[in-house]
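In what follows, a single structure is set out as structure tokens and then discussed.
Position 1 is the first residue of the sequence; numbering continues from there.
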Amino acid sequence: MRRQGWIVAALAALGLWFFISIEPVLMPFFVSMILAYLGDPLADRLEAHGLSRRLSVSVVFLLLTLVIVLTLLLVIPLLGRQIGQLVELMPVALNWMQGSVLPRLQALTGIDLSTDFDQMRQALLENWRETGTFAATLLAQVSKSGLALVAWVGNLALIPVVTFYLLLDWDDLVAKVRRSLPRSWEPAAVRLASECDEVLSSFLRGQLIVMLCLGVIYAIGLTLLGVKFGLLIGLLSGLASIVPYLGVIVGISVAGLVAFFQFGDPLMLLAVAGVFGFGQLVESTLLQPKLLGDKIGLHPVAVIFAVLAGGQLFGFTGVLLALPVAAVVMVVLRYLHERYKNSTLYDAGHRPLDEESP
């Protein structure tokens, strides 16, 4: 038994080393796995209604492609324009803060922040310009390097191909993995896989829909109020809502500051708060109970740590995998904790009260 444990540990270490070694080429495959996992339940439902597996996968694949293409064609240009406007207004906003906000803070607190803010303002503007120069230089280098450009385009082209074939054979792959498990491990492995699927499906499908709905609500509300960068602030707030309450805190702070700077009317702050309050009401009464329930169980601190650790270890691929891996790790830890509580190690030395001597 101990020898088998060492073999499993060695294989796990070898797999981790192999994963780290080929990390630069894994990104399109992991994106395809996530897309296939998200689309498989819909393909199964279409197949249950009489469609062949290939036709069901083709329908799901076309729907995924349509959603991605429409997002790229409609949202990206709007975001690009708003980011450009934000870059142009940054010096004006900083000058307004230095001329209007800082004197009021100094009058209230008695602390002179003008010198420190001026240094921060100069550094921010310089870095902002350097960021634009760096992006232009990087784009030029990528354009000049035919090999890098071909590799980048090739990775993007791989995603739809791999996604289609994974969707086509998803159920067969799962069945083959199950049949390959040692018979003594199968019950525990199937139980863990079922719990992991429940958590992942709730998180990936449910949380993504919640984030999208909140982003749309915030963006539409802020745009109807006439707040500048409403689309950008709303979508970023929706993305930030992957951590509970972070999206609404960031969004209401940024949108309130922009609205006050734009209109100079305190009532606009109440209107902005109303938009985010409505989003939170919809989330708590409709989206969370219907889509998520209590299945995820990831603590906000665990979410932040997982994203940062994944990005530090494996770059963009690590960011993509951080939350699914964290959800699976949570399920495994919960299972190990249950085994530990039922083990003799946990009960070692414990004597029931009725057996204790008076």
Side-chain angles (χ1 to χ4, degrees), residues 15 18-19 22-76 151-181 186 189-213 239 242 290-292 295-296 310 314-329 331:
F18 180 73
F19 174 81
I22 65 171
E23 186 271 332
V25 302
L26 289 179
M27 190 273 290
F29 294 95
F30 283 124
V31 172
S32 300
M33 286 178 61
I34 293 173
L35 293 176
Y37 179 76
L38 293 175
D40 179 65
L42 180 57
D44 290 341
R45 290 186 181 183
L46 293 176
E47 195 175 4
H49 282 80
L51 275 68
S52 66
R53 181 67 183 182
R54 185 173 293 273
L55 182 58
S56 301
V57 169
S58 300
V59 172
V60 174
F61 184 77
L62 288 176
L63 289 176
L64 287 174
T65 304
L66 183 62
V67 169
I68 294 173
V69 170
L70 287 178
T71 301
L72 292 177
L73 292 178
L74 298 178
V75 177
I76 299 301
W152 184 74
V153 174
N155 282 338
L156 288 181
L158 273 177
I159 292 176
V161 176
V162 176
T163 300
F164 180 82
Y165 283 108
L166 282 177
L167 261 176
L168 191 63
D169 298 327
W170 188 269
D171 294 337
D172 292 337
L173 291 173
V174 172
K176 288 179 181 178
V177 170
R178 180 171 181 174
R179 288 196 297 267
S180 301
L181 292 172
E186 185 184 11
V190 170
R191 173 192 166 185
L192 285 176
S194 176
E195 293 181 6
C196 289
D197 178 66
E198 186 178 15
V199 172
L200 284 176
S201 61
S202 297
F203 191 85
L204 289 178
R205 300 186 186 101
Q207 188 66 41
L208 285 176
I209 295 175
V210 169
M211 290 163 55
L212 177 62
C213 292
L239 290 176
I242 192 170
K290 295 291 185 181
L291 298 174
L292 296 177
K295 298 176 182 177
I296 296 177
F314 303 111
F316 182 67
T317 304
V319 173
L320 288 176
L321 291 177
L323 295 179
V325 170
V328 172
V329 169
V331 172

Can you tell me how far the CZ atom of Phe30 sits from the OH atom of Tyr37, to the nearest 0.5 Å?
15.5 Å
Val190 backbone acceptor or donor facing Ser194 side chain under 3.5 Å
no
Distance from Asp44 atom CG to Leu51 atom CG, nearest 0.5 Å?
12.5 Å
Of all heavy-atom pairs linking Ala43 and Ser56, the shortest is O-CB, 3.6 Å
Rounded to the nearest 0.5 Å, the CG atom of Asp40 sits from the CG atom of Leu35 at a distance of 12.5 Å
Would you indicate whether the side-chain heavy atoms of Ser32 and Phe164 approach each other to under 4.5 Å?
no
Do Leu173 and Leu166 make a side-chain contact, defined as non-hydrogen atoms from C-beta onward lying under 4.5 Å apart?
yes
Atom CG of Leu167 and atom CZ of Arg53: how far apart are they, to the nearest 0.5 Å?
6.5 Å
Can you tell whether the side chains of Lys176 and Asp171 come within less than 4.0 Å, N to carboxylate O?
no
The reported gap from CG in Leu63 to CD1 in Ile68 (rounded to nearest 0.5 angstrom) is 11.0 Å
Between CD1 of Ile159 and CG of Leu64, what distance do you get to the nearest 0.5 Å?
12.0 Å
